[in-house]
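This report refers to the structure that appears directly beneath it.
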There are 2 protein chains.
Amino acid sequence: MTNSVKSIFSQLGNFGQRIRELRENKGILLRQMAASLEIDTALISKFERGERKPNREQVKRIARFLKADKNELLTLWLADRVQYIISEEMSLAEEALEIVKRNIKDETRTHTD
Amino acid sequence: MTNSVKSIFSQLGNFGQRIRELRENKGILLRQMAASLEIDTALISKFERGERKPNREQVKRIARFLKADKNELLTLWLADRVQYIISEEMSLAEEALEIVKRNIKDETRTHTD
DNA sequence: ATTATATTTGACGAATTCTGTCAAGTCAAT
DNA sequence: ATTGACTTGACAGAATTCGTCAAATATAAT
C-alpha cells in the first residue's frame, strides 16, 4: 500500500486493534507474546498496527494464545483484507493529495525561510 | 488461485463475463481486441474467463476500447477481487462485509465531502 | 475430411510483492 | 543516562503474479 493511501485510512486495522486490546488487558508484553508464539516481536507489533497482515494460521495461533474467540479474530482479519482492496481504489484521492503535497513543497521552497 | 477455490466459484468472474458479452455483441475478435490494446490474445482470453485479473489500467483501456461504462467495469472488477478473498473464508464472509460496510459509513460521515 | 480461423491451455522466466528478521531508533519512566 | 517496551526501515529470500509463447483444442467453412 502506498504511504498516501495508508494515511487516508486509520492505521490500525480491525484485527490489530482488537488483539492489542486483548493483549494489553491481560498485561502481556509484545515480547512475551512473541516468545510464546515464536514470532518476531517486530512482526507482532506490525500486526497490531495493521502494517502487516498475518496469515490464517497466525491468526489462529494468536487467538489461541490470547484465549480469544477464533472466529471473531478471523472475521476481523478478513474484514481488513477486503477493506484493503477497496481502499486501493481510492487512487484518485491519492493522486489529488500528491499534487497538493507537491504544491505545498514548492511554495515553502520559493518563499525561503 | 487454488483449484479448490476456483471450483467453488463460477469460472467466469463478473468482469470477464461482462466484457466477453460486450465484445461478442460488437462482433469483435479476441485477436482484434488484443492487437488494438497491445495485450496478448491469451491474456485477454484469461481475463474473460476470470483466470487472470487485469490491473486498473487494463480495465480502463478495455472499457475505452469497448466504449463501455468505465465505472461499471471497474466496479465489476473490484467485486471480483473482493469475492476472491472472501471465497477463501465463506463462513465468515457475511460478518466481514458488515464490518466493512459499517466502517465505510463511518468514513463518509467523518470526512464530509 | 481438410483447411482455416478463433480461442484456450500450460509452461516459462521476469518482474513484482510479501515475509520474517535484524539493527537501530524513539519514547517514557526511573 | 539507563532501562524497558515498542517501532521503524531496510534487507534478502520466498512466494506470487505477470506477460509471452507455442502447442492444443474448438469452431466454421468448403
Side-chain angles (χ1 to χ4, degrees), chain A residues 1-7 10-13 15-17 19-62 65-66 77-78 80-81 84-85 87-89 91, chain B residues 1-7 10-13 15-17 19-62 65-66 77-78 80-85 87-88:
Chain A
M1 194 192 285
T2 63
N3 281 338
S4 44
V5 166
K6 253 192 223 152
S7 64
S10 70
Q11 257 53 17
L12 283 47
F15 172 80
Q17 213 163 353
I19 64 169
R20 165 151 296 183
E21 186 180 303
L22 287 165
R23 177 177 64 81
E24 287 181 341
N25 285 348
K26 290 177 184 297
I28 299 170
L29 300 178
L30 270 187
R31 134 174 88 70
Q32 296 170 326
M33 187 164 163
S36 172
L37 293 174
E38 288 176 324
I39 299 176
D40 193 282
T41 303
L43 195 49
I44 300 190
S45 168
K46 283 166 190 172
F47 289 161
E48 288 193 346
R49 287 172 296 105
E51 191 186 318
R52 292 282 182 93
K53 294 303 171 196
N55 62 37
R56 199 178 198 291
E57 280 316 304
Q58 287 166 332
V59 173
K60 289 200 268 189
R61 286 202 287 144
I62 289 169
F65 173 78
L66 292 172
W77 163 74
L78 181 55
D80 282 343
R81 300 184 57 194
Y84 168 60
I85 292 223
S87 72
E88 275 180 324
E89 290 321 303
S91 52
Chain B
M1 195 190 284
T2 64
N3 281 338
S4 48
V5 167
K6 252 192 222 155
S7 63
S10 69
Q11 257 52 18
L12 283 45
F15 172 78
Q17 213 162 354
I19 65 170
R20 165 152 296 182
E21 186 179 304
L22 287 165
R23 177 178 64 80
E24 287 180 341
N25 284 349
K26 288 178 184 297
I28 298 169
L29 300 176
L30 272 185
R31 131 175 92 71
Q32 297 170 325
M33 189 164 162
S36 172
L37 293 174
E38 288 177 324
I39 300 176
D40 194 283
T41 303
L43 194 49
I44 299 191
S45 168
K46 284 165 191 172
F47 290 161
E48 288 193 344
R49 287 171 296 107
E51 192 187 317
R52 294 280 182 92
K53 294 301 173 196
N55 62 37
R56 196 177 205 288
E57 281 314 306
Q58 288 167 331
V59 173
K60 288 201 270 189
R61 286 202 287 143
I62 289 169
F65 174 77
L66 291 172
W77 164 75
L78 183 55
D80 283 343
R81 301 185 56 189
V82 171
Q83 208 160 333
Y84 168 60
I85 291 223
S87 71
E88 292 165 342

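Both backbone and side-chain heavy atoms feed into the values below; hydrogens, waters and symmetry mates do not. In what follows, every chain begins at residue 1, and chains take the letters A, B, ... in the order their sequences are listed. Worth saying up front: this structure is predicted, and the values here are computed from it rather than measured.
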When you compare the protein's N or O atoms with those of nucleotides 20-26 of chain D, which come within less than 3.5 Å of each other, and at what distance?
residue: D:dT20; atom: O4; partner: B:Lys46; partner atom: NZ; Å: 3.1

For [X], check side chain to side chain donor-acceptor pair (under 3.5 Å) against everything at least two apart and list the hits.
X: A:Thr41; answer: none
X: B:Glu24; answer: none
X: A:Glu21; answer: A:Arg18
X: B:Arg81; answer: A:Glu88

Would you kindly give the [atom1]-to-[atom2] distance between [X] and [N], to the nearest whole Å?
X: A:Ile44; N: C:dT19; atom1: CD1; atom2: C1'; value: 14 Å
X: B:Ile28; N: C:dT5; atom1: CD1; atom2: C1'; value: 17 Å
X: A:Phe47; N: D:dC6; atom1: CZ; atom2: P; value: 16 Å
X: B:Leu37; N: D:dG19; atom1: CG; atom2: P; value: 12 Å
X: A:Ile62; N: C:dG20; atom1: CD1; atom2: P; value: 10 Å
X: A:Glu51; N: C:dG25; atom1: CD; atom2: P; value: 18 Å
X: B:Asn55; N: D:dG19; atom1: CG; atom2: P; value: 6 Å
X: B:Glu24; N: D:dT27; atom1: CD; atom2: P; value: 12 Å

Report the residues that fulfil side chain to side chain contact (heavy atoms under 4.5 Å, CB included) with [X], sequence neighbours left out, ordered by chain and then residue number.
X: B:Lys46; value: B:Arg49, B:Glu51, B:Arg52
X: A:Ala35; value: none
X: A:Arg61; value: A:Leu37, A:Ile39, A:Gln58, A:Arg64

Exercise. What pairs with B:Glu57 under salt bridge (charged side-chain N to carboxylate O under 4.0 Å, His left out), at least two apart in sequence or on another chain?
Worked result: B:Lys60

Problem set entry | Test salt bridge (charged side-chain N to carboxylate O under 4.0 Å, His left out) applied to A:Arg23 - qualifying residues, sequence neighbours left out | A:Glu48

Exercise. Between B:Tyr84 and A:Ile85, is any pair of side-chain heavy atoms under 4.5 Å apart?
Worked result: no

For this session: May I ask you to test the B:Phe65-B:Ile28 pair for a side-chain heavy-atom distance under 4.5 Å?
Result: yes

Exercise. Can you check whether B:Arg20 has a side-chain N or O nearer than 4.0 Å to OP1 or OP2 of C:dT8?
Worked result: yes

For this session: Ignoring backbone atoms, establish whether A:Ser45 has a side-chain N or O less than 4.0 Å from OP1 or OP2 of D:dC6.
Result: no

Can you check nucleotides 3-5 of chain D for protein contacts, nitrogen or oxygen pairs under 3.5 Å, and list what you find?
residue: D:dA5; atom: OP1; partner: A:Arg31; partner atom: NH2; Å: 3.0
residue: D:dA5; atom: OP2; partner: A:Arg31; partner atom: NE; Å: 3.1
residue: D:dA5; atom: OP2; partner: A:Arg31; partner atom: NH2; Å: 2.2

Exercise. End-to-end bend of the helix from C:dA1-D:dT30 to C:dT30-D:dA1 (five-pair axes, 10° rounding)?
Worked result: 30°

Exercise. Base, sugar-phosphate, or nothing for B:Gln58, non-hydrogen atoms under 4.0 angstrom?
Worked result: sugar-phosphate

